[in-house]
Amino acid sequence: MKKSVAVLGLGRYGVSLAKTLYDMGADVLVADKDEDTIKEMAGFCTVAVVADLENEEEIKALDLKNMDIVVCAMGRNMSASIMVVAVAKELGVPLVVAKSSSERMSSILKKVGADKIIIPEDFGGNQSARILLSDTFMDYFQLDDTLSLVEIKPRENWIGKNLIELELRKKYKLNVVAVKDSQTPWGFIDSQRKLGKDTTLLVIIETSELNKINKN
């Protein structure tokens, strides 16, 4: 099902995130107070709105209650970030993500309701987009132009099967590096061990195959 995402604040990170989300098929609403930036985003999103994101009424006018995800991408504007997060949670948005520039800011945004904090130095826009739109990816690191290291949850049709049965290398061009669950830390996996709902896999995969994990 196509997800609806609002990206509020269009600095370099916000622009990168919004464009990647849109390229991946999401419905993307973007908002920023800079009219020129909004005009430039016209072809890279579903809806682009000029708005003062420090103004509660203008934020509410964006109709965020219909969004699956709201991303507050203003890591250096504390007051706007607090306002956006608070309003989004008040409106019942299921997942509110906030960009942060410091530990103090991260702590404050969590207290006002942010579900996830993004540190741009750790997560680029492309990387964040893949994680936000996926029900499978938990963490994602691009190793080079062709390979990625990804932390994933098993798909529903993988649960109860082992690696021999699943043939993941053949189907997805991936190698399982390590595994953990709620009772055990990271370790090497026995190819005959059946995967459970609480299993987490660490895999190396060709980046071009990433979308296949979500679709098939």
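FYI, side chains are in, hydrogens and waters are out, and symmetry mates aren't considered; it's all heavy atoms of this structure.
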Full working for side chain to side chain contact (heavy atoms under 4.5 Å, CB included) between Lys99 and Arg76 | CA-CA 9 Å; Lys99 174 186 170 185; Arg76 299 194 180 280; 5.9 Å; no
Side chain to side chain contact (heavy atoms under 4.5 Å, CB included) between Asp32 and Met41, worked out = CA-CA 10 Å; Asp32 194 276; Met41 287 296 294; over 6 Å; no
Give the intermediate values and the outcome of side chain to side chain contact (heavy atoms under 4.5 Å, CB included) for residues Ser107 and Lys111.
-> CA-CA 6 Å; Ser107 177; Lys111 287 180 181 178; 3.8 Å; yes
Dump the intermediate steps for side chain to side chain contact (heavy atoms under 4.5 Å, CB included) on Arg104 and Met78, then the final yes or no.
-> CA-CA 10 Å; Arg104 177 173 177 271; Met78 178 76 84; 3.7 Å; yes
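A distance-only check finds no donor-acceptor pair linking the side chain of Thr184 to the backbone of Lys180 [under 3.5 Å]. In this structure, the side chain of Glu58 does not engage the main chain of Ala51 through any donor-acceptor pair within 3.5 Å. Looking only at distances, no side-chain donor or acceptor of Asp115 sits under 3.5 Å from a matching main-chain atom of Val97. A distance-only check finds a donor-acceptor pair linking the side chain of Ser81 to the backbone of Asn77 [under 3.5 Å].
Interatomic distance, CG of Leu8 versus CE of Met83, reported as 13.0 Å (0.5 Å rounding). A distance of 6.5 Å separates CG of Leu109 from CD1 of Ile82, quoted to the nearest 0.5 Å. Taking NZ of Lys19 as the start and CG of Asp23 as the end, the distance is 9.0 Å to the nearest 0.5 Å. Atom NZ of Lys110 and atom NZ of Lys116 lie 9.5 Å apart (nearest 0.5 Å). In this structure, CG on Leu62 lies 6.0 Å from CG on Leu29, to the nearest 0.5 angstrom. Rounding to the nearest 0.5 Å places CD of Glu151 at 6.0 Å from OG1 of Thr200.
The two residues Val50 and Lys33 make their nearest non-hydrogen contact at CG1-O, 3.8 Å. Closest of all the heavy-atom pairs between Asn162 and Ser191 is CB-O, 3.2 Å. Between Thr199 and Pro154, the closest heavy-atom pair is O-CD, 3.0 Å. A pairwise comparison of heavy atoms in Met67 and Ala6 identifies SD-N, 3.8 Å as the closest pair. Scanning both residues, Ser100 and Ser102, for their nearest heavy atoms gives OG-O, 2.8 Å. Here the closest non-hydrogen pair linking Cys45 and Val28 is CB-O, 3.6 Å.
Counting non-hydrogen atoms of other residues, nucleotides and ligands closer than 6.0 Å to NZ of Lys89 gives a total above 12. For Lys171, the NZ atom is densely surrounded, since the number of other residues' heavy atoms within 6.0 Å is greater than 12. Counting non-hydrogen atoms of other residues, nucleotides and ligands closer than 6.0 Å to CZ of Arg169 gives a total of 12 or fewer. Counting non-hydrogen atoms of other residues, nucleotides and ligands closer than 6.0 Å to NZ of Lys173 gives a total of 12 or fewer.
Using a 4.5 Å cut-off on side-chain heavy atoms (C-beta onward), Ile118 and Tyr13 make contact. Here the side chains of Glu40 and Val15 are not in contact, with every heavy-atom distance at 4.5 Å or above. Two residues are said to be in side-chain contact when any heavy atoms from C-beta on lie closer than 4.5 Å; Val5 and Val71 meet this criterion. Side-chain contact between Asp68 and Leu95 is absent, with no heavy atoms from C-beta onward closer than 4.5 Å. Looking at heavy atoms from C-beta onward, Leu195 lies in side-chain contact with Leu201 at the 4.5 angstrom threshold.
Linking Ile, Leu, Val, Met, Phe, Trp and Tyr whenever their side-chain heavy atoms come within less than 4.5 Å leaves Ile159 and Leu166 in two separate clusters.
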